[in-house]
Protein chains: 2
Amino acid sequence: MTATEGPSATGGEEPSATGGEEPSVTGVDLPGPGRGDTVAEVVRQWRAVHPGLDTGPMEVIGRINRCAALLQQAEDAPLRRAGLTRPEFDLLGALRRTGHELTPSELARETFSSGAAVTKRLKQLTERGLVERRGDARDRRVAHVRLTAPGRDLVDGILPAQLAYETAALSGLDGPELGELAALLGTLLGQLEGRLGALRA
Amino acid sequence: MTATEGPSATGGEEPSATGGEEPSVTGVDLPGPGRGDTVAEVVRQWRAVHPGLDTGPMEVIGRINRCAALLQQAEDAPLRRAGLTRPEFDLLGALRRTGHELTPSELARETFSSGAAVTKRLKQLTERGLVERRGDARDRRVAHVRLTAPGRDLVDGILPAQLAYETAALSGLDGPELGELAALLGTLLGQLEGRLGALRA
DNA sequence: AGCAGGTAATTTACTCGTGAATCATATGCC
DNA sequence: GGCATATGATTCACGAGTAAATTACCTGCT
């Protein structure tokens, strides 16, 4: 939950972050380099106010949320230069990477967004000539969406810039660290995608 | 950028995810347990279409984004039960954990949101009696915001539920894994917060 | 055949956040 | 002192997403 600290979407400020460190409580001690990020300070504050708290999960989840917010902010830059929002690019990207036509509902699943949102985005992207629609012959409820040539070129043009940004953003971690991080996140994500329905209550 | 795969905010579906695995290209091989999550499939698709691509960063960033989206979705549940949105809770939480009054601009910095958004949220929270405002004597432009007793009780009531959700969500990782993850995210976040301004171009 | 129920896509009404003004005040400078 | 400039907070117009209804169509059952 942004561990009670919000990565909502907006600004890119850097709060005070003065504090002194204290060890984690989960039985997990954060080694040296976790020092000084915003989340550490937030956790410190919570522990000062609610000493009984197990802040272990907060340190992980808060950082995931904050990293996600900062990374997205940074990566939106090359998209804006191309006149696209990220959800729009995600939609185009889904078409590009699957290589075949997709129906609106498939696009919704693939981009983790609502059907209504997809409908609106498709309208805009169609008007801009990046995408084309075709009605299904058998079932006239469904539509098939595909990239136009300009749409494909746009995606292919943006992708390298996007990856360059990603590489730059991660340049603080060396190869093995990156691998470990990917692996740990992979097992976490696997768990979350598998049995999160149970938690959704 | 959700690694060209969108964690926008909405649904919680599970796309096909059929694929077979192939090794990473960054010089980093993902070990066994990264298998089968949604991002792995997306990465596989991109590599099939653009074989030259270095997908290493995507595997990390895509997973961070997707984890963040799923975790937020899960953790919003206890908040809705209390009639709060997450941004509202973040605001109240900032007041609670700092322990003292904050001005609207400080709240904006602390919750990483825009001033306008804070203004609106304060109006609502004030109407609900969770928060109080007081004008500054010296500088009549600034206001000071503090939690009311019901506001403080509300936060303190929600917090345990929140942490329980977090603990449950992370239960797939054992102690040492959690610690490593927190540490790696900590160094990444430190890097991002430090010199991301340079990338914001 | 004909209807009950389900599903794809869209539309509608609404909420929320944003960036760009705007107001009100404070502060530095000549 | 008095004006220029900066800053805190708010307001405004708008874009984008959502949930809930709506439309249009298919399919299985009797």
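Below, each value reflects all heavy atoms present in this structure, side chains not excepted, and no hydrogens, waters or symmetry copies. Per chain, numbering begins at 1; letters A, B, ... match sequence-line order.
Put simply, the side chain of B:R140 and the base of C:dT25 share no donor and acceptor less than 3.5 Å apart.
When the P atom of D:dC26 is taken as reference, atom CG of A:D136 falls 9 Å away, rounded to whole Å. Atom NZ of B:K123 and atom P of C:dG17 are 12 Å apart (whole Å). As a whole-Å value, the separation of A:L122 CG from D:dA16 P is 14 Å. Atom CD in B:Q72 sits roughly 15 Å away from atom C1' in D:dG17 (whole-Å rounding). Distance CZ (B:R80) to P (C:dC16): 11 Å, rounded to an integer number of Å. Atom pair A:L84:CG and D:dA16:P shows a separation of 12 Å (rounding to whole Å applied). Between the CG atom of A:D139 and the P atom of C:dG6 there is a distance of 17 Å, given to the nearest Å. Summarising the geometry, the separation between CG on B:L107 and P on D:dT10 is reported as 11 Å, rounded to the nearest angstrom.
Considering every non-hydrogen atom in both B:T111 and B:A94, the closest pair reads CG2-CB, 4.3 Å.
Residue A:T119 places its side chain closer to C:dT11 than to any other of C:dT11, C:dA8, D:dC12. Closest contact between the side chain of A:P87 and the listed nucleotides D:dA13, D:dG17, D:dT10 involves D:dG17. Counting only heavy atoms from C-beta on, A:K120 has its side chain closest to C:dA13 among D:dC12, C:dA13, D:dG8.
Residues B:R141 and B:D139 are paired through a salt bridge, judged by an N-O separation under 4.0 Å between the basic side chain and the carboxylate.
The 5' end of DNA chain C is approached more closely, in terms of each residue's nearest nucleotide, by A:R141 than by the other of A:A116 and A:R141. Projected onto DNA chain D by closest heavy-atom contact, B:E106 and A:A137 fall at different nucleotides, the more 5' of which corresponds to B:E106.
Judged purely by atom type and a 3.5 angstrom limit, B:E177 uses its side chain to pair as donor or acceptor with the backbone of B:D174. Without hydrogens or angle criteria, B:T103 side chain to B:E106 main chain gives a donor-acceptor distance under 3.5 Å.
Look at B:R121 and you'll find a side-chain N or O under 4.0 angstrom from OP1 or OP2 of C:dG17. The side chain of B:Q124 contributes an N or O atom lying less than 4.0 Å from OP1 or OP2 of C:dC16. The phosphate of C:dT27 has neither OP1 nor OP2 within less than 4.0 Å of any side-chain N or O from B:R138. Residue B:R86 has no polar side-chain atom (N or O) positioned under 4.0 Å from OP1 or OP2 of C:dC16.
Atom CZ of residue B:R134 and atom NE2 of residue B:H144 lie 4.5 Å apart, to the nearest 0.5 angstrom.
When heavy atoms are screened at a 4.0 angstrom cut-off, A:T85 is found touching no nucleic acid atom at all.
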